[in-house]
Amino acid sequence: MQIGMVCYPSYGGSGVVATELGLALAERGHTVHFISYDLPFRLDRFKENVTYHGVEIPAYPLFKYPPYLLALADKIVEVSRLVGLELVHVHYAIPHAASAYLAKKMLGDGLKVITTLHGTDVTLVGSDPSFANIVVFSLNQSDGVTAVSEHLRQTTMELFRPDKEIEVIYNFINPQQYRPQSPPAARRRFGPPGTKVIAHVSNFRPVKRVEVVVEVFARIQKQVPDVRLLMVGDGPDVCRAYERACALGVRDRVAFLGKQEDIPAILAGVDLFLLPSATESFGLAALEAMACGVPVVASRAGGLPEVIVEGETGYLLPPDDLEGMTCKAIKLLTDPVLHRQMAEAAFERAATVFPTDLWVKRYEEFYARVLEA
Ligand code: GMT
């Protein structure tokens with residue numbers, strides 16, 4: 001199959017999923033054409049059957065808001081004419097689904113469009129009145145729509161009432177890449193023997209509530225000696241987290257690592273993952289932690305309960321129950337038997353329910369159905 005894959009190239013769950021999907025499809029013999037404004041960050045070396053096509057917008061004084069939607073549509077048309085794309089799979093509805101619709105029309109309807117919803121394209125950005133009409137229109141015009149969790153599927157149906165079926169295809173991890181490492185050499189880098197390490201990985205947007213991560217950590221460290229917090233990632237709220245750590249007197253116990261590529265190497269030295277998001281359509285970061293054998297304490301919000309099994313692979317608390325999150329974290333960090341059980345269950349669930357092969361096959365089957373329709 002000749003497949004166009006449209007995504008945001010920067011650090012972020014939707015770009016990661018699109019890139020890993022494209023790479024896995026290429027390994028299975030398909031030809032995958034990534035189309036984006038920059039090289040997706042995991043496509044940094046030559047891969048057979050994979051091509052990257054950059055979208056460029058000429059600078060012009062009139063363009064206060066560069067028309068990316070149009071430039072992307074034009075690039076999809078160009079690539080399609082060049083290689084004969086059978087379908088274009090867009091990740092994140094805004095503006096990708098609208099660009100794909102336009103490209104399809106320019107190609108005389110000879111291109112199938114699949115849209116995968118990732119979360120904020122529906123829950124935060126998409127439901128804004130500036131975008132709501134175009135989102136529902138683009139969904140209705142897509143030949144196939146998928147969502148990364150049942151919760152996101154239901155939310156989309158309630159918010160937009162599209163006349164399209166939405167198929168749930170979960171996110172996935174590569175169990176060869178994300179796995180527990182023994183002995184975890186990384187641990188030594190984060191503190192002396194006996195140190196307990198807590199991690200948070202995100203894009204530091206308000207929805208992630210990074211100040212709450214620091215707040216919960218500050219409460220934990222009052223009762224657990226020798227505990228450290230790793231804050232991994234970058235985004236608009238880094239300074240707020242930093243200031244909170246200073247204000248709470250825990251700055252010396254918190255390491256701000258910024259953007260990191262080798263997340264498995266970091267997770268190898270971690271005891272607990274904190275994800276107190278306001279909402280999370282899926283929570284790929286939590287799945288990555290679980291795959292590395294790290295139990296998760298997270299919000300009972302969005303699709304997180306579809307990933308984390310309460311009391312088995314971690315704990316789920318109401319987003320504002322900071323005391324509850326603190327108690328569960330302390331319980332896990334101070335009970336080695338419970339920790340081992342949860343770490344094993346987390347790894348087991350990630351490896352058996354969410355492995356790449358399983359979900360890439362589901363996408364392949366979905367593509368085939370859309371192409372046949
Ligand atoms: O806002 C983000 O967290 C980034 C966003 C993205 O598109 O990169 O993440 C969303 O998609 C991920 C991949 O499907 C999901 O794992 C995240 O849960 C989701 N984020 C939210 O729903 C807040």
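Both ligands and their constituent atoms are indexed starting at 1 by order of listing. FYI, the numbering just counts along the sequence from 1. Keep in mind that this is a model prediction, so the values were computed, not measured.
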Under the criterion ring-ring contact (aromatic ring centres under 6.0 Å, His included), I'd like the reasoning laid out for H91 against Y8: C-alpha separation, chi angles, the key distance, then a yes or no. CA-CA 8 Å; H91 292 259; Y8 284 105; over 10 Å; no
For the ring pair Y363 and H89, is the centre-to-centre distance below 6.0 Å?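 Yes, ring centres under 6.0 Å apart.
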Do the two ring centres, one from F354 and one from F282, sit under 6.0 Å apart? yes
Please tell me whether H30 and E364 have a donor and an acceptor in their side chains that are separated by less than 3.5 angstrom. yes
Can a salt bridge be assigned to the pair [X] and [Y] using a cut-off of 4.0 Å between side-chain N and carboxylate O?
X: R219; Y: E323; result: yes
X: E167; Y: R369; result: yes
X: D109; Y: K105; result: yes

Got more than 12 heavy atoms from elsewhere within 6.0 Å of CD, E27? no
If you count the non-hydrogen atoms of other residues, nucleotides and ligands that lie under 6.0 Å from OH in Y52, is the total more than 12?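 It does: Y52 OH has more than 12 such atoms within range.
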Looking only at distance, does [X] have an N or O less than 3.5 Å from an N or O of ligand 1?
X: F282; value: yes
X: G13; value: yes
X: L284; value: yes

At less than 4.0 angstrom from any non-hydrogen atom of [X], what atoms of ligand 1 do you find?
X: S14; value: 6 (C), 7 (O), 8 (O), 13 (C)
X: K208; value: 3 (O)
X: G12; value: 8 (O)
X: G283; value: 15 (C), 16 (O), 17 (C), 18 (O)
X: S281; value: 15 (C), 17 (C), 18 (O), 19 (C), 21 (C), 22 (O)
X: R205; value: 1 (O), 2 (C), 4 (C)

Hey, does H91 sit under 4.0 Å from ligand 1 if you only count heavy atoms? no
Judged by non-hydrogen atoms, does G15 sit under 4.0 Å from ligand 1?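 It does not, in that no heavy atom of G15 comes within the 4.0 Å cut-off of ligand 1.
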Tell me the nearest of V17, T120, L287, N203 to atom 2 (C) of ligand 1, using heavy-atom distances.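 Minimum heavy-atom distance to atom 2 (C) of ligand 1 goes to N203.
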Under 4.0 Å between heavy atoms, the region of T279 that gets near ligand 1 turns out to be backbone
Part of Y92 within contact of ligand 1 (heavy atoms, under 4.0 Å):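 Within the 4.0 Å criterion, Y92 contacts ligand 1 through side-chain atoms alone.
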